Protein chains: 2
Amino acid sequence: MVGLRINGRIWLEAQDRFFGIGRMELLEGIQRTGSINQAAKAMKMSYKRAWELVHSMNTQADAPLVSTQTGGEKGGGAVVTEEGLKYLTYYRGLQERFQQFLAEENKKVPA
Amino acid sequence: MVGLRINGRIWLEAQDRFFGIGRMELLEGIQRTGSINQAAKAMKMSYKRAWELVHSMNTQADAPLVSTQTGGEKGGGAVVTEEGLKYLTYYRGLQERFQQFLAEENKKVPA
DNA sequence: GGTCGTTATATTTGGTCGGAAATAACGATA
DNA sequence: TATCGTTATTTCCGACCAAATATAACGACC
């Protein structure tokens, strides 16, 4: 079994999974660019998919994680809400502890 | 964020080789029933899919995890090899520690 | 009013995945 | 030799998913 790595994924869920590393990275992209469109391009994700992710985040969480605006200066845009920031910061910590766990486990892989 | 659960998946990998909870449960089924066919039925999985999983496990690991026999008493069967047992026992421990991690994290979910 | 870039949404298209079914091979056993 | 239940493998088909495409709405700004 030597040479094997341990890997995994971790997410937050209510009834079905709805916030994992993918959504978090999308949120980070929106925070950085101020636009769903640009965040999607940066992740090489289709706008449609990105929008669907944002939509599901907004409808499934207690409060929207992303606030959007159509039209206006620069055609519109999107910003991460306070609630979104809460998720971002919490998930970052969780992810870090998980990576720590994975690193520990990787030391224990038997020969 | 109250009411959210933390969940995840964890697996072993080496470039393309991988071994996760699904394969482990299939292995357990084979160990219990002595047959790919019956293990698949118990998991409500098609024989084809189960066979493909077994095949990939056998070809991707250093040594086969499942030994199969066609024909003979009861038409044939399958048994988990020593190597398979090694994976089973190791993954069980890993999975248990991961569940422990998840349980700990679930206590820390902020309001 | 026209342009711009974005959000918002429906429709179509294409590729992949898995299930179903069919078939063969196998070896014990009667 | 015929039967049996399993492994082994191929072919076909439908379902699902995601990408691509198309279109509309919006509001600032010129």
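By convention in this document, chain letters (A, B, ...) are assigned in the order of the sequence lines, proteins followed by strands, and residues within each chain are numbered from 1. These numbers were taken from a predicted model, which means no experiment stands behind them.
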**Complete:** DNA chain D nearest-nucleotide lookup for T70(A) and T68(B): closer to the 5′ end is T68(B)
**Interatomic distance, N58(B) CG vs dT7(D) C1' [rounded to whole Å]** = 12 Å
**Request:** Measure from CG on N37(B) to P on dG5(D) and round the result to the nearest Å.
**Result:** 11 Å
**Message:** Rounded to whole Å, how long is the line connecting atom CD of E73(B) with atom P of dT3(D)?
**Reply:** 21 Å
**Message:** If the threshold is 4.0 Å, N to carboxylate O, is there a salt bridge linking E28(B) and R92(B)?
**Reply:** yes
**Asked** Are F98(A) and L12(A) in one and the same hydrophobic cluster, where Ile, Leu, Val, Met, Phe, Trp and Tyr link if side-chain heavy atoms are under 4.5 Å apart?
**Response** yes
**Asked** Mapping V54(A) and M45(B) onto DNA chain C by nearest heavy atom, which one lands closer to the 5' end?
**Response** V54(A)
**Message:** Please tell me if Q69(B) has a side-chain N or O lying less than 4.0 Å from either OP1 or OP2 of dT7(D).
**Reply:** no
**Item:** Spacing of Y47(B) atom OH relative to dT23(C) atom P, expressed in whole Å
**Value:** 17 Å
**Item:** Spacing of I36(A) atom CD1 relative to dC26(D) atom C1', expressed in whole Å
**Value:** 14 Å
**Prompt:** CG of L53(A) versus C1' of dA18(D): gap in Å, rounded?
**Reply:** 11 Å
**Request:** Give the rounded distance in Å between these two atoms: NZ of K48(B) and P of dA24(C).
**Result:** 19 Å
**Message:** Using 0.5 Å steps for rounding, measure from the CE atom of M57(B) to the CG atom of L65(B).
**Reply:** 6.0 Å
**Request:** Establish whether L26(B) and F18(B) are linked, either directly or via other cluster members, by ILVMFWY side-chain heavy-atom contacts under 4.5 Å.
**Result:** no
**Asked** With no angle test and no hydrogens, is the base of dG5(D) tied to the side chain of K74(B) by a donor-acceptor pair under 3.5 Å?
**Response** no
**Prompt:** If you measure from CG on N58(B) to CD on E83(B), what distance do you get to the nearest 0.5 Å?
**Reply:** 10.5 Å
**Message:** Using heavy-atom distances to pick each residue's nearest nucleotide on DNA chain D, tell me which of E52(A) and G76(B) is more 5'.
**Reply:** G76(B)
**Message:** For dA8(C) and W51(A) - does any side-chain N or O of the residue sit under 4.0 Å from the phosphate oxygens OP1/OP2?
**Reply:** yes
**Request:** Look at the side-chain N and O atoms of S35(A) and state whether any lies under 4.0 Å from the OP1 or OP2 oxygen of dT7(C).
**Result:** yes
**Prompt:** Nearest-Å distance, NZ (K44(B)) to P (dG19(C))?
**Reply:** 13 Å
